[in-house]
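Reading through the structure tokens given below for one structure.
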Protein chains: 2
Amino acid sequence: MIAAVKGRHPTPAQSKVAALRSRLRASGLRATPARLAVLSFLESASRPVSHADLVEALADSGIDRVTLYRNLTDLTQVGLVRRADLGDHVWRFESAQSKSGHAEHPHFTCVECGEIACLSEASVRIAQGKGIPRSATRALEIQIRGLCDRCS
Amino acid sequence: MIAAVKGRHPTPAQSKVAALRSRLRASGLRATPARLAVLSFLESASRPVSHADLVEALADSGIDRVTLYRNLTDLTQVGLVRRADLGDHVWRFESAQSKSGHAEHPHFTCVECGEIACLSEASVRIAQGKGIPRSATRALEIQIRGLCDRCS
DNA sequence: CGATTTATTGCAACCAAGTTGCATATACGG
DNA sequence: CCGTATATGCAACTTGGTTGCAATAAATCG
Ligand SMILES: [Mn+2]
Ligand SMILES: [Mn+2]
Ligand SMILES: [Zn+2]
Ligand SMILES: [Zn+2]
């Protein structure tokens, strides 16, 4: 273990952190503990995460809530993270890493229980036509609200 | 009605107010000046209206901002109005009158200039399939963000 | 018409989410 | 290691929205 720390074979955890670190650096951001924690949490989340979620998850890390806000907006600005309001007035963030199936995709929110699901890119088709901005067919964000299977 | 009692024909403006009044009453709400003003403004708007829009539009009416908040939520609760967050963290309201083409419909927001457009009901198709809640095809609200024709 | 009942309003206080200013700390290139 | 630009913590502030309560005014009924 100590040998590994000293630079022999990196553990999986170490190389994951190193990867995050270099993605941050490549985006022009410094790799601070707070940013590593935020990005790594977002990376492991299976659905978009709110600032409140993050505050709770990193409660005992001693990171200030303002730092979390700033980290989230910084990460969003450089494109490492995407921000969306899924229709319930709460900003949610998700990793924008295009590998690991995290390309831009539509989201579904249950108006009853609040459950959020990531849909596949292909699941929504927008028709061309009068009154529809041509560019809507190249929509950046699509979000759907309704009743989930459990609630309907 | 009063005009009839007085033996005159109601002006268009009078009958419009009378209609609003009776729609409010039919929904179990009292027809107050504030509600008539709000509903009538929403009715004449061509796109969803925020609380701030309303405060501005009715600035000199002397109606308190809290009353406007309460009116909007009351009207939404009884179904005369629909509320949506079009992805920018602002609640917007539109008349739910199903005649005059105001059925539930998708909305498009330009991420650049903020312009909002109401799309036709048929313009968005949601595919059936794995990972897609069956009920998503009966979505209640659909909202699309992207660049409008002018901004793209 | 009043008088009575009850929903609605105004106002002030409050709250939560998010932002900003600034002094201090720290990442990182040299 | 140092110097410097970037990032953080903390407090103050802003914005959008809610709540409690006393005063007001719709509706209902005789
Ligand atoms: Mn997603
Ligand atoms: Mn509309
Ligand atoms: Zn549900
Ligand atoms: Zn635009």
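Predicted model, so just to flag it, every value in this text is computed and none were measured. We name chains A, B, ... by the order of the sequence lines, and we start the count at 1 in each one.
Distances from the side chain of B/Trp91 to the nucleotides C/dG10, D/dG17, D/dA11 place D/dG17 closest.
Among the candidates B/Glu141, B/Glu94, B/Arg92, B/Arg47, the single residue satisfying the side-chain hydrogen bond (donor to acceptor under 3.5 Å, both in side chains) test with B/His107 is B/Glu94.
Between A/His51 atom NE2 and C/dT19 atom P there is a gap of 9 Å when expressed in whole angstrom units. In this structure, B/Ile63 atom CD1 and C/dC11 atom C1' are separated by 15 Å, rounded to whole Å. Atom P of nucleotide D/dG17 and atom CG of B/Asp53 are separated by 11 Å, given to the nearest angstrom. Distance CG (B/Asp88) to C1' (D/dT15): 14 Å, rounded to an integer number of Å. When rounded to the nearest whole Å, the span between CG of B/Leu68 and C1' of C/dT8 equals 13 Å. Atom CG in A/Asp64 sits about 14 Å away from atom C1' in C/dA25, given to the nearest Å. The distance between atom CZ of B/Arg65 and atom P of C/dA13, rounded to the nearest whole Å, is 13 Å. The distance from atom CG of B/Leu24 to atom P of C/dT8 is 10 Å, rounded to the nearest whole Å.
Residue B/Arg25 is classed as a sugar-phosphate contact, given heavy-atom separations below 4.0 Å to backbone atoms only. Residue A/Asn71 is in sugar-phosphate contact alone, with no base atom involved, counting any heavy-atom pair closer than 4.0 Å across all strands shown.
At the phosphate of C/dT19, neither OP1 nor OP2 sits under 4.0 Å from any side-chain N or O atom of A/Tyr69.
Heavy-atom distances under 4.0 Å link DNA chain C to B/Leu29, B/Arg30, B/Thr32, B/Ala34, B/Arg35 of residues 27-35 of chain B, given in residue order.
The pair B/Glu115-B/Arg150 meets the salt-bridge criterion, since a charged nitrogen lies less than 4.0 angstrom from a carboxylate oxygen.
With hydrogens and angles left out, the side chain of A/Arg70 and the base of D/dG9 share a donor-acceptor pair within 3.5 Å.
If B/Arg21 and B/His89 are placed on DNA chain D by their nearest nucleotide, the residue sitting closer to the 5' end is B/His89.
At a threshold of 4.5 Å between non-hydrogen side-chain atoms, the residues B/Thr109 and B/Arg145 count as touching.
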